[in-house]
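Both ligands and their constituent atoms are indexed starting at 1 by order of listing.
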Amino acid sequence: MSHAASRRIGLLAGSIRGFLDFATLPHMQRRPDPGVCDFVFGNPHEPPMPEYVSALQRALVPRDKDWFAYKLNEPEATTVVSRSLSEQRGRQFSPEHIVMTNGTFAGLSIVLTAFVDPGDEVIYVSPPWFFYEVLILSAGAAPVRVDADRTTFDLDLDAIKAAITERTRAIIVNSPNNPTGVIYPPDTLGRLGDLLQAASQRNGRPVYLFSDEAYNRIVFDGRAYPSPTDYYDHSLLLYTYGKTLLTPGERLGYIAVSPAMPDPGRVLEALFVSQALTGWAFPVASLQHALADIEGLSIDVGHLQDKRDRMAQGLSRAGYEVNHPEGTFYLMVRSPWRDDMAFCMALVEKGVFVLPGATFEMPGWFRISLTANEEMIARSLPVFESMAGTSRR
Ligand SMILES: Cc1ncc(COP(=O)(O)O)c(C=O)c1O
């Protein structure tokens, strides 16, 4: 490998060091073992929805010679998406404004490559989903971390305003938020839109809003979901089916260009070129064929909410400080030990796997994925209780 390439890889790896260190620990290989309570990632621990499986089976039977040809945006798929979005949002999305992707990993890579020049700055909010920084870096841009309000985990608009410079090209906003579970309220989003509008005018070019809405249908307590894209015209909505269907290995998602986007033709052209460059971002043919049947399916969000309540009550009773999520798969909990990694390793010894805060810029905390099954929750609570009173500060 050339010197420059190895420096670049070193820089990228450095930005996900905490994650890599934890994910590659030899202990992690024990996660699938029977008896282990695995709360690390948003992976399924129960069988998939039978309707999902049969939709995929039907979609695998070819109906013409092009069934498995190279696919960009299948008209049937973009029509399904635009209809669904128009219904959910109460504004008209046209199929031409939808770009099918193979998930939000790809979606983010596409929008970053399409709109961000080397040397531009891209703001992301901390604590973040652990791959934002590396994706921004790999697009040649400079990541700018802005902390969320550390009490409410709402966006800190003053801090965002202070972080914007003439080089700012985009901001990534994730609501409902992984890992905090916060849904940003309309008032915050309205003020964010005003702030970005003013910054775009000052800079003489738009600051794009990339709205990562991976969990926009995983919302608890009957809450409404306000989309950041409804409050700012230069917005791109990124969605992945992997969360709502709990099938993260079956890669399908989309980018929706805001119906209010100025000059959408140029934006769509940039997305097309960027998608072609990142060849691996082409959406899978069979999943697009199945989309009409799977778009309306969802895991049981009520069941997920019950698991949130059971876990949160059990942990609170044991003395843990638990953050209350309004959506997503995740529960953030304060580690009784200052060193969250050491605490997580002590839990591993007892067969309970959680994600240390060091991996998502929240040292002193850990994250539990509520996609674990009931049995894992039941088995883990006595372990958490036994560890609650221990201290290693
Ligand atoms: C906030 C957020 N964005 C994007 C992704 C990536 O989603 P996918 O793997 O479906 O592309 C995830 C996955 O965990 C996520 O939590």
Side-chain angles (χ1 to χ4, degrees), residues 16 18-19 22-23 38-45 48 52 81 99-113 122-136 138-139 143 148 153 155 170-184 209-219 225 227-229 236-256 275 278 280-284 287-288 291 294-295 297-299 304 325-332 354-355 357 359-362 367-372:
I16 46 169
F19 178 78
F22 183 70
D38 181 5
F39 296 102
V40 177
F41 298 120
N43 266 322
H45 293 283
Y52 180 79
V81 170
V99 175
M100 301 306 298
T101 65
N102 56 12
T104 294
F105 263 106
L108 280 166
S109 189
I110 291 169
V111 293
L112 285 163
T113 317
V122 177
I123 295 175
Y124 72 94
V125 179
S126 178
W129 177 53
F130 18 72
F131 285 99
Y132 289 146
E133 193 178 352
V134 72
L135 285 167
I136 296 167
S138 71
F153 294 118
L155 294 176
I171 177 167
I172 302 175
V173 174
N174 169 222
S175 176
N177 184 269
N178 172 9
T180 65
V182 166
I183 298 175
Y184 301 130
L209 167 61
F210 301 149
S211 180
D212 178 347
E213 303 190 12
Y215 301 92
N216 69 16
R217 297 193 219 174
I218 312 288
V219 170
Y225 172 69
S227 168
T229 63
L236 294 117
L237 185 167
L238 296 112
Y239 184 70
T240 169
Y241 286 92
K243 309 298 175 188
T244 311
L245 302 168
L246 197 37
T247 54
E250 291 291 324
R251 315 285 308 155
L252 188 68
Y254 57 80
I255 302 165
Q275 186 173 31
T278 44
W280 48 270
F282 286 124
V284 175
L287 286 172
Q288 290 201 77
L291 191 57
I294 61 180
E295 160 62 41
L297 299 179
S298 169
I299 54 163
L304 200 67
E326 299 170 327
T328 75
F329 292 162
Y330 310 111
L331 199 62
M332 232 171 49
V354 300
L355 192 72
T359 62
F360 53 91
E361 302 182 9
M362 282 296 280
R367 192 194 76 172
I368 283 175
S369 175
L370 299 167
T371 57

* Taking Gln275 for its side chain and Met100 for its backbone only, find out whether a donor-acceptor pair lies under 3.5 Å. => yes
* Quick one: does Tyr215 get within less than 4.0 Å of ligand 1, heavy atoms only? -> yes
* Contact check, side chains of Ser227 and Asn216, non-hydrogen atoms, under 4.5 Å -> no
* To do: Heavy-atom distances under 4.0 Å are what count here, so tell me which part of Trp129 touches ligand 1: side chain, backbone, both or neither.
  => side chain
* What atoms of ligand 1 come within less than 4.0 Å of a heavy atom belonging to Gly103? -> 11 (O)
* Would a 4.5 Å heavy-atom cut-off, applied to side chains only, mark Tyr124 and Asp212 as touching? -> no
* Using a 4.0 Å heavy-atom threshold (strictly under), name the region of Thr104 that reaches ligand 1: side chain, backbone, both or neither. => both
* Asked: Got an N/O contact under 3.5 Å between Tyr132 and ligand 1?
  -> no
* Asked: Any side-chain heavy atom of Leu291 sitting closer than 4.5 Å to one from Tyr241?
  -> yes
* Taking side chain as C-beta onward, heavy atoms only, is Pro44 less than 4.5 Å from Thr247? -> no
* For Asn174, counting its heavy atoms only, list the atoms of ligand 1 lying under 4.0 Å from any of them. => 1 (C)
* So is there a nitrogen or oxygen of Thr240 less than 3.5 Å from a nitrogen or oxygen in ligand 1? -> yes
* Does ligand 1 have any atom sitting under 4.0 Å from a heavy atom of Gly242? -> no
* Asked: About how many Å separate CG of Asn174 and OH of Tyr215, when rounded to the nearest 0.5 Å?
  -> 7.5 Å
